[in-house]
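These notes concern the structure reproduced below.
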There are 2 protein chains.
Amino acid sequence: MPATQSTRERIILAAVELFYSQGYEATGMTQILKKANANSGSFYFFFKSKQDLLDSVLDWYLANLEPVLWRPIYAATQDPIERIFALLDGYRQKILATDFSFSCPIGRLALEIGLERQNVHDKIAANFDAWTAAVRSCLGDAEHRLPSGTCFDELSQFVLTVMEGGVMQARAHRSIAPFDNSVRQLRQHFDRLLIAAAESNRNNQSLGEKL
Amino acid sequence: MPATQSTRERIILAAVELFYSQGYEATGMTQILKKANANSGSFYFFFKSKQDLLDSVLDWYLANLEPVLWRPIYAATQDPIERIFALLDGYRQKILATDFSFSCPIGRLALEIGLERQNVHDKIAANFDAWTAAVRSCLGDAEHRLPSGTCFDELSQFVLTVMEGGVMQARAHRSIAPFDNSVRQLRQHFDRLLIAAAESNRNNQSLGEKL
DNA sequence: ACTTATTACTTGAATGGTCAAGTAAGTAAT
DNA sequence: ATTACTTACTTGACCATTCAAGTAATAAGT
């Protein structure tokens, strides 16, 4: 972290926090500027518009995905499959820490921002892709423990699906149960894949012995 | 449908459509009133505020869940498990018909509306509950085909999780693939449950023969 | 080393438009 | 004469955005 923060950085960070906790539309420029300790003139020196700021916010999320989200998980957890569930547990902690007001900032924007702003949705999609790509990489590390036909892209996308759906329901219900239930079902799904792969390996082995 | 619509009904229907396609914050009173062919005076005769209107909109969704969403499915599809996937296919059709701009109106509100408006989130949760209760009822109808230990509440909630997560990603990616992938994974999950139950039944049967 | 020019950024008031909401007068049916 | 509802105008706050003027720092010229 630099000793001082540039005005531009302060604005982006303020917007990250506010869009995250209130959404894009519900956040006013006044609020952003106040939080960032900046004037509107400075803002429009660095950004073309509020929409333009949203672009930078999504870039910021993408750039911070690896260092903020993944690096601690890779340091703390070795097993690739458990890394995926550690990621999900991270979201669980966020839900609890925010007293159920948490929602995935990217997912929220995906539903809030109108589709006509294509470049925004391209960046949202890029964030989703980076997220699932990292999950996919974990799956790749556990390749030998999964059935040979497993489609990693599809399965990693499914992990995101479960996270987003679980987070949404936890928020509405003010309860962690829907999230936990969803993750438990996902865990069952994984367990069956792992078991199927183990059985298949055993069969191949005994087949090898016969030949 | 009644021959004439009351002003109140017209306002609610206009709001349903606009909140659905633009979200709550992004929709202005002017827009609602224009679409409903009403004046602001009439509006504030029937509703206390825009927030109050949102309450009625969520009531409307809850009241229309059975007749609009489920009744056609029950008429067209007999198999209880297939009814669940027919429901999901209905969302698939909506995504395609709206050129990927579709998002579940309830899910969208779940993320957009601040948690401090508890009664709104209570109604959102009630909508989710009614949705999953109907899925749960289908699972109940297929009880004999599912493993005896299956938790129907958890599984039906998982179906909603998959729907919401799939819809969200389809929107961001402007592609039906993430939705289809998610549903395919869910189908695998169900298939394994059905197979496990069938095997267990077979074992019980042969056990019965032995005794 | 001192002045001048240029660039980079900040200040904060002002703009015009839109927001949800309020109101007073009016109509029509009971 | 009362209730139910409509009409159209109005309010004041807030919205994103603009702009002219100001400051501070660096670079160039002598």
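Please read all numbers here as calculations on a predicted model, not as lab measurements. Lettering of chains follows the sequences in order, A, B, ..., and the numbering in each one begins at 1.
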* **Contact list for DNA chain D against residues 13-36 of chain B - heavy-atom distance below 4.0 Å** => none
* Structure fact -> Sorted by number, residues from residues 40-60 of chain B placing a heavy atom under 4.0 Å from DNA chain D are S40(B), G41(B), S42(B), F45(B), F46(B)
* Asked: More than 12 non-hydrogen atoms from neighbouring residues, nucleotides or ligands closer than 6.0 Å to CD on E143(B), yes or no?
  -> no
* Sequence neighbours excluded - ring-ring contact (aromatic ring centres under 6.0 Å, His included) pairs with any residue from residues 35-55 of chain A -> F43(A)-F47(A)
* Do T27(B) side-chain atoms and G23(B) backbone N/O form a donor-acceptor pair below 3.5 Å? -> yes
[X] [atom1] to [N] [atom2]: how many Å, rounded?
{"X": "N37(A)", "N": "dT11(C)", "atom1": "CG", "atom2": "P", "value": "9 Å"}
{"X": "N39(B)", "N": "dG26(C)", "atom1": "CG", "atom2": "C1'", "value": "12 Å"}
{"X": "I11(A)", "N": "dT10(C)", "atom1": "CD1", "atom2": "C1'", "value": "11 Å"}

Please tabulate, one pair per line, all N/O donor-acceptor pairs under 3.5 Å involving side-chain atoms of residues 159-172 of chain A, not counting sequence neighbours.
residue, atom, partner, partner atom, Å
T161(A), OG1, Q157(A), O, 3.2
T161(A), OG1, Q169(B), NE2, 2.7
T161(A), OG1, S182(B), OG, 2.7
Q169(A), NE2, G165(A), O, 3.4
Q169(A), NE2, T161(B), OG1, 2.7
R171(A), NE, A110(B), O, 2.6
R171(A), NH1, S101(A), O, 2.6
R171(A), NH2, L111(B), O, 3.3
R171(A), NH2, I113(B), O, 2.6

* Does any nucleotide pair with dT30(C) by Watson-Crick or G-U wobble geometry, both distances under 3.5 Å, and what is it? -> dA1(D)
* Structure fact -> The complete set of salt bridge (charged side-chain N to carboxylate O under 4.0 Å, His left out) pairs with one or both residues in residues 42-60 of chain B, sequence neighbours excluded, reads D59(B)-K123(B)
* Asked: Between E112(B) and R108(A), is there a side-chain N and carboxylate O pair less than 4.0 Å apart?
  -> no
Please tabulate, one pair per line, all N/O donor-acceptor pairs under 3.5 Å involving side-chain atoms of residues 29-41 of chain B, not counting sequence neighbours.
residue, atom, partner, partner atom, Å
Q31(B), OE1, G28(B), N, 3.4
Q31(B), NE2, Q22(B), OE1, 3.2
K35(B), NZ, E17(B), OE1, 3.2

* Give a yes-or-no answer on whether the side chains of Q188(B) and R192(B) include a donor-acceptor pair shorter than 3.5 Å. => yes
